[in-house]
Structure formats: structure tokens, C-alpha cells
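Each ligand, and each atom within it, is numbered from 1 in the order the structure gives.
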Amino acid sequence: MHEALVFRGVRAVDPSRDLGTDPRSAPVDVVVEGKVITRIGPHAGDAIVKASGGSGSARVRIIEGAGSLLLPGLIDLHAHVREPGQEYKEDLRSGLAAAAAGGFTDICAMPNTRPVNDTRAITEMLVYKARAIGGTRLHPIGAITVGQKGETLTEMADLKDAGAVAVSDDGYCVTRSDVMRRALEYASTFDMPLIQHAEDHALTVDAQMHEGAVSTRLGLRGWPRVAEDVIVARDVILAEYTRARYHLAHVSTLGAVRIIREAKSRGINVTAEVTPHHLLLTDAALLGYDTACKVNPPLREDADLLALREALADGTIDCIATDHAPHSPLEKDLELSAAAPGMIGLELCIPLMLGLVDKGVLSLARVVDALTRSPARIVGLPPPQLREGAEASLTLVDPIRSWTVSPERLRTKSKNTPFLGQTVRGMVMMTLVAGVIAFDVTADKADKT
Ligand SMILES: [Zn+2]
């Protein structure tokens with residue numbers, strides 16, 4: 001292994017330091033020695049490159065950055081890694097490989113596994129196994145209630161002690177107000193955010209997709225916006241009352257955006273995330289009954305998509321989270337009503353979000369912030385930074401290079417995405433976790449697919 005890595009002539013972007021946010025900013029060199037970034041600046045790598053003979057050595061590796069973006073390591077607050085229990089869809093090894101290939105140095109794993117992660121034992125097992133695998137770091141999220149049944153609170157002190165960074169019953173909503181109140185109070189005792197999957201299940205029985213003109217036309221049972229909105233409204237009231245930290249998972253409606261915006265304006269401690277697919281697709285994608293587009297919450301309408309984009313741009317929505325939800329053909333090659341909801345997301349996040357930057361919907365700085373500092377703050381991880389002395393957790397991205405999304409090039413075990421076959425622009429070239437290379441395709445000369 002090299003003792004030093006030199007990224008030469010990259011556009012280093014770190015909005016937390018106002019670094020590189022202007023597209024005209026001069027390229028810089030970033031030098032990594034051991035676990036740490038030791039130098040950043042124009043020509044900061046000249047001396048070490050020269051000492052290595054100009055083209056690198058056994059000790060020094062030089063990565064020519066021409067046109068590439070160097071970002072602080074990306075963090076995903078919302079991934080389903082399926083271990084334990086459904087390793088045929090994904091396991092820790094494939095999930096962490098997909099995360100590294102997507103540029104993520106850290107991912108948070110949702111607890112709806114089999115069995116549910118509602119105990120110290122499962123949290124410890126995940127932490128232990130993920131460390132043994134190495135590369136991208138895994139941060140378990142424990143369940144709010146035992147078995148995600150919405151009734152009895154878990155031992156959150158144990159979960160936190162074992163390494164859980166948050167609690168969530170994702171997949172299920174904590175619908176009982178008394179349980180939600182106690183859960184907020186209890187989680188805040190341990191300074192853990194409570195992540196809510198906001199869905200009033202009584203309003204979504206047998207729902208296949210968003211309730212609207214398209215569901216009517218297709219004759220499918222709908223999931224109305226209000227099923228999300230009523231829960232978010234109640235939760236905001238409870239968060240204000242308990243002064244707890246409330247985080248809304250995968251916000252999908254314009255109504256929920258409005259409630260979050262109002263809550264923030266009153267200083268209530270609420271945060272929210274949005275998925276790339278809710279920023280890019282609407283219920284019209286279901287017109288061909290494509291089960292890859294069945295997700296929960298469902299794809300909504302143009303008005304929602306525009307509200308979500310605007311809210312992410314202005315900071316009402318804090319961060320981008322993938323809701324990476326691998327499913328095998330057993331769950332997806334079925335009629336729409338029988339198919340499981342969810343799509344994969346880890347390896348598509350960067351190209352899809354850079355696409356929105358290209359379109360002028362979001363600034364690059366906002367996207368980077370929403371994938372780095374903002375999620376770190378929510379779950380209390382150290383914010384990744386591009387500065388001298390910081391831990392070298394970095395993501396190198398070629399924003400120009402295009403590639404075709406195909407099953408062969410995805411590291412995740414499952415291929416359930418409507419973007420299959422599409423050509424996207426923006427390729428993660430390298431992911432570095434605390435100075436260790438977790439993913440590297442910088443030596444690949446050409447896109448083979
Ligand atoms: Zn969910």
C-alpha cells in the first residue's frame with residue numbers, strides 16, 4: 001500500500017469551508033498521508049511528486065485529476081442492507097461494496113431485517129461484521145419498537161451503546177400517538193434522532209401507488225398524500241412538545257414540505273431527507289406497470305416533485321438519502337399489486353444528482369452539503385471535510401464521464417431500478433475511507449459498457 005496519495009489538479013468542493021463552490025475556482029492538489037489529509041492547495045503536491053521522481057513511486061501514488069471533483073466522503077442516512085435474513089437480496093459485503101462504488105464512505109442501515117434489529121446483539125453483530133469486511137463504514141439504526149410492532153419501546157440505551165446512531169421503524173410508521181410521544185422522549189434521553197416513516201397505514205390499505213389521476217386511470221388502489229401529511233403534522237406537534245429530535249424519512253409530498261418548513265421557521269428541531277427518485281420521477285412512470293417504479297412512499301406528481309426540489313435547494317429538506325431497497329426478481333417480477341416496494345439507489349445517487357446540477361435545479365454545493373455535512377449532523381457523525389489535518393475520507397468523481405446502467409456493472413446483488421439501460425453522466429472513480437481505498441476505477445481507461 002502507498003504511504004501517500006496525491007490528487008493532482010482536482011476541483012475540491014467542500015461547502016462547509018466554501019472551498020471550490022465556484023466552478024471557476026483554480027484546481028488544487030490534495031495530499032493524503034496515512035489516514036489524514038496533509039496538504040490542500042494549488043500545486044500543494046508538487047514537492048512530494050517531484051521527490052517521487054515525477055510520476056509516483058512505490059511509496060507515492062499520483063492520481064491525475066483533470067476535471068474531476070474531489071468531495072468529502074458521502075454519507076447515506078437510509079439504506080437497506082438486508083442482513084440478517086434476506087441475504088439473497090443483499091448482504092453486508094455486497095451492500096458495502098455498492099456503497100463504496102456509489103462514493104459513500106458511511107451508510108446507515110435500516111433495522112427492518114429478519115429478525116428486526118431491535119436488540120444490542122444484532123446491532124453488535126452488524127458493527128462487528130462490517131468492520132471485518134472493511135471499506136465503507138456501517139452505522140446501524142435500531143428499531144423504535146420491539147419487532148417494529150409499534151407498541152413496546154426498544155432498549156435504546158443498549159442500541160446506542162452497541163453503535164446505533166438513530167432509531168426508526170422504517171417500513172412501518174409509529175402510528176400510536178402515545179407510543180410516539182414516549183419514543184421521542186426516550187430517544188432524546190440518549191441524544192438519538194428518531195426517524196419516522198410517515199404513513200397512516202389506515203389510509204393506505206392495499207395501496208399500490210400514489211392516489212391521483214394515474215391511479216384512477218390504471219384502476220389501482222391509491223396511497224393519498226394526506227396519509228403522509230397527517231402523520232408529519234402530528235409528529236411536528238409532538239416534537240415541539242417533547243423537544244426531541246425528529247427526522248422525517250423520504251419526504252414525498254408538497255404538504256409535508258409545507259409542514260416541515262413551517263416547523264423549522266418556529267425553531268422546532270425537525271429535519272428531513274428526500275430520495276433521488278422522488279426528485280426525478282412521478283407517478284406517470286407507473287403507466288407501463290413497471291414494478292421497479294413501485295416504491296414506498298410512492299412516486300407523486302409534478303407539483304410534489306417541484307416542491308421537493310425547491311425545498312432541497314432552500315434547505316427546508318436537509319439531506320439526500322437513497323432509501324436503497326434491494327429486491328430480487330422473486331419480489332419484483334410479479335404483477336404490480338404483488339410486487340414489493342423499493343428500488344436500489346447507492347450506485348445511482350451521484351449521477352442522478354449531478355444530472356439535476358447540470359439542469360440548474362440544484363447547485364453542486366447544495367448537493368454536496370446534502371450528502372455530507374448535513375446527514376453527518378443529523379446522526380452525530382463527524383462531518384467529513386476537505387481540510388489539512390482532517391481524516392482522509394473522500395470521493396473522487398468524474399462529472400463528465402457517462403456510463404450505461406447495466407446489471408453487470410452494479411455491485412449490489414439486486415438490480416431493481418427503472419434506470420436500468422439508461423446512460424447517465426457522472427462516475428465515481430475512487431472512494432477513500434480514512435485513507436484506505438474502498439473503491440477505485442481510476443485505472444480503467446474506457447467505459448466498457
Ligand atoms: Zn420508509
Indicate yes or no: does Arg266 engage Glu240 in a salt bridge with an N to O separation below 4.0 Å.
-> yes

Between Asp304 (side chain) and Glu301 (backbone), is there a donor-acceptor pair under 3.5 Å?
-> yes

Which atom, counting only N, O or S, brings Asp170 closest to the Zn ion (ligand 1)?
-> OD1

Of all the N, O or S atoms in His197, which one sits nearest to the Zn ion (ligand 1)?
-> ND1

Is the Zn ion (ligand 1) less than 2.8 Å from at least one N/O/S atom of Glu199?
-> no

Specify whether an N/O/S atom of His250 falls short of 2.8 Å from the Zn ion (ligand 1).
-> yes

Please determine if Arg425 forms a cation-pi arrangement with Trp403, meaning its NZ or CZ atom is less than 6.0 Å from the six-membered ring centre and no more than 45° off the ring axis.
-> no

Just checking, is any N or O donor in the side chain of Asp76 or Thr322 under 3.5 Å from an acceptor N or O on the other one?
-> yes

